[in-house]
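Below is one structure, written out as structure tokens; comments come after it.
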Number of protein chains: 2
Amino acid sequence: MSPHKEHNPNCCCRRIRGHGRRMTPARHAVLDALSERGEHLTAEEVFRSAARRYPNLGLATVYRTLELLTELGMVSRFDTGDDKARYEFADPTGAKGHHHHLVCTSCRKIIDYKDFIKEETELLRSTEEGLSRKYGFKINSHVIQFYGVCRECGG
Amino acid sequence: MSPHKEHNPNCCCRRIRGHGRRMTPARHAVLDALSERGEHLTAEEVFRSAARRYPNLGLATVYRTLELLTELGMVSRFDTGDDKARYEFADPTGAKGHHHHLVCTSCRKIIDYKDFIKEETELLRSTEEGLSRKYGFKINSHVIQFYGVCRECGG
DNA sequence: ATATAATTGAGAACGATTCTCAATAACTAT
DNA sequence: ATAGTTATTGAGAATCGTTCTCAATTATAT
Ligand SMILES: [Zn+2]
Ligand SMILES: [Zn+2]
Ligand SMILES: [Zn+2]
Ligand SMILES: [Zn+2]
């Protein structure tokens, strides 16, 4: 197996093993693809990327691994309105860090922005607290996305 | 055709006709279903509800109508992570008004909340302006959703 | 009433995701 | 290292929400 790059392999492996799951080359390949290829990848894109290093990989395994990583909170899954789920590392302390999305409804481009993350995060925290108190919800994650038309598409 | 209830039929009809489209019993039925049945309905739910009044209705027509209404900005479509699109009236001045969503990942319940809408809307406005300036985006809509576990599910 | 073009319902088709199952391989305890 | 236990795998079938096709219908303008 090739070494990991941007994510900590020991951390990932430990996290996976800690939940009684096994570390396999297929899962390594998916983790590598996620950290190399960057953000908001579809399962198909992860598959194509991971299969280059691990040709025997099956698409179903990619789906299963992405589901597992999502359950463990290591990956976040989200939709942008085109009937394909997107996946990216959920690590808020990583290189990319926590960000939100700007989606062009014309060309489907997705822009990660962090520009207003600080104010947004602050408001989110207090909102989460309020909602938690009022509705008895234990909030685990949030999605903030803006939809519109990008510059190239005539925005 | 039965009369509309919570939404203004003349407004809807005018809006649809204004775009060179025709007003039909099928579209009436969909509009009625949306206003009677409340928020975050799946296409299937809209279909079942509308078909009670207009038994000849086809599911494909419901999808087409929801798409049309979404294009016209009368309806908003969103996902909550269960592979089924949800639809609800987008009328910010209506009875329900603009709101955001709280989604239980265990029982899939969706709670509409407006409690912090004011602060959120304020921040959104300035964020939209900033993003618009920096990325040349013309922002048309946004999605804010919190995911977690509801009280009944052990939140 | 007639003409024109939009709309419809039914079912086929599509595509993303999940399921099935026998074969394989990761971990555990010797 | 060995063997046993059991999670994981790949391949393809199956599922299911959504879209497409097309001939028949119908809303609207004249
Ligand atoms: Zn664009
Ligand atoms: Zn992203
Ligand atoms: Zn619940
Ligand atoms: Zn709602």
Side-chain angles (χ1 to χ4, degrees), chain A residues 1 9-10 12-31 33 40-48 50-72 75 77-87 108, chain B residues 1 9-10 12-33 40-72 75 77-87 108:
Chain A
M1 258 312 87
N10 296 320
C12 291
C13 299
R14 217 179 298 131
R15 196 108 157 240
I16 288 174
R17 291 218 184 80
H19 283 258
R21 318 301 299 267
R22 297 173 179 176
M23 202 53 210
T24 67
R27 287 175 181 166
H28 262 236
V30 168
L31 285 166
H40 38 75
L41 300 171
T42 64
E44 185 69 33
E45 289 168 340
V46 172
F47 172 65
R48 280 204 298 274
R52 232 178 291 126
R53 298 194 161 197
Y54 187 62
N56 207 34
L57 184 64
L59 178 55
T61 299
V62 171
Y63 275 103
R64 285 183 291 230
T65 302
L66 290 171
E67 185 186 18
L68 170 63
L69 296 175
T70 301
E71 277 168 10
L72 298 187
V75 159
R77 173 196 158 138
F78 59 96
D79 297 297
T80 61
D82 66 347
D83 297 326
K84 285 180 234 172
R86 307 265 169 179
Y87 302 85
R108 290 277 135 209
Chain B
M1 259 310 86
N10 297 319
C12 291
C13 300
R14 216 179 298 132
R15 196 108 158 241
I16 287 173
R17 291 215 184 82
H19 282 258
R21 317 302 299 269
R22 295 174 180 176
M23 202 53 211
T24 67
R27 287 175 179 165
H28 262 260
V30 168
L31 285 165
D32 283 340
H40 38 77
L41 301 172
T42 64
E44 185 69 36
E45 289 168 341
V46 172
F47 172 65
R48 280 205 299 272
S49 186
R52 232 179 291 124
R53 298 196 162 196
Y54 186 61
N56 207 35
L57 184 64
L59 178 56
T61 299
V62 171
Y63 275 103
R64 285 183 291 232
T65 302
L66 290 171
E67 187 186 15
L68 170 64
L69 296 175
T70 302
E71 278 168 10
L72 298 187
V75 159
R77 174 196 157 137
F78 59 97
D79 297 297
T80 61
D82 67 346
D83 297 327
K84 285 181 230 169
R86 307 265 170 180
Y87 302 86
R108 292 276 136 208

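Lettering follows sequence order; numbering is per chain, from 1.
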Start with the C-alpha gap between L59(B) and E44(B), add the side-chain angles, then the distance that decides, and say whether side-chain contact (heavy atoms from CB on, under 4.5 Å) holds.
-> CA-CA 8 Å; L59(B) 178 56; E44(B) 185 69 36; 4.1 Å; yes
Figure out the [atom1]/[atom2] separation between [X] and [N], and round it to whole Å.
X      : N       : atom1 : atom2 : answer
R14(B) : dA27(D) : CZ    : C1'   : 19 Å
F47(B) : dT19(D) : CZ    : C1'   : 16 Å
E44(B) : dT15(D) : CD    : C1'   : 14 Å
E71(B) : dT19(D) : CD    : C1'   : 14 Å
M23(B) : dT28(D) : CE    : C1'   : 14 Å

Measure the shortest side-chain to side-chain distance between T80(A) and H40(A) over non-hydrogen atoms and say whether it is less than 4.5 angstrom.
-> no
So do H28(A) and C13(A) actually touch side chain to side chain, heavy atoms under 4.5 Å?
-> yes
For the atom pair OH (Y54(A)) and OG1 (T24(A)), what is the distance rounded to the nearest 0.5 Å?
-> 7.0 Å
Verify the contact: side-chain N or O of T24(A) to OP1 or OP2 of dA7(D), cut-off strictly under 4.0 Å; return yes or no.
-> no
Where along residues 60-67 of chain B does a heavy atom come under 4.0 Å from DNA chain C, residue by residue in number order?
-> A60(B), T61(B), R64(B)
Could you tell me which residues satisfy side-chain hydrogen bond (donor to acceptor under 3.5 Å, both in side chains) with D83(A), sequence neighbours excluded, listed by chain and number?
-> R77(B)
Mind checking side-chain hydrogen bond (donor to acceptor under 3.5 Å, both in side chains) for T61(A) and listing every partner two or more places apart, or none if nothing turns up?
-> R64(A)
Would you mind reading off the bend of the helix from dA1(C)-dT30(D) to dT30(C)-dA1(D) from its two end axes, five pairs each, to 10 degrees?
-> 50°
Residue list, ring-ring contact (aromatic ring centres under 6.0 Å, His included) with F78(B), at least two apart or on another chain = H101(B)
ring-ring contact (aromatic ring centres under 6.0 Å, His included) against Y63(B), all qualifying residues, sequence neighbours excluded | none
Pair L69(A)-V30(A), side-chain contact (heavy atoms from CB on, under 4.5 Å): steps then yes or no = CA-CA 10 Å; L69(A) 296 175; V30(A) 168; 4.3 Å; yes
Set of side-chain contact (heavy atoms from CB on, under 4.5 Å) partners for E45(A), sequence neighbours left out | R37(A), L41(A), T42(A), R48(A), R86(A)
Hits for side-chain contact (heavy atoms from CB on, under 4.5 Å) against R21(A), two or more places apart or cross-chain, chain-then-number order -> I16(A), H19(A), R27(A), L68(A)
Where along residues 79-86 of chain B does a heavy atom fall under 4.0 Å from DNA chain D?
-> D83(B), K84(B), A85(B)
Relative to the 5' end of DNA chain C, which residue comes earlier, L59(B) or G20(B), by the nucleotide with the nearest heavy atom?
-> G20(B)
So which one's nearest nucleotide on DNA chain D is more toward 5', Y87(B) or R21(A)?
-> R21(A)
Donor-acceptor pair under 3.5 Å: do we get one between R22(A)'s side chain and the base of dT6(D)?
-> yes
Covered region of DNA chain C, 5' end to 3' end, by chain A [heavy atoms, under 4.0 Å] = dA16(C) to dC27(C)
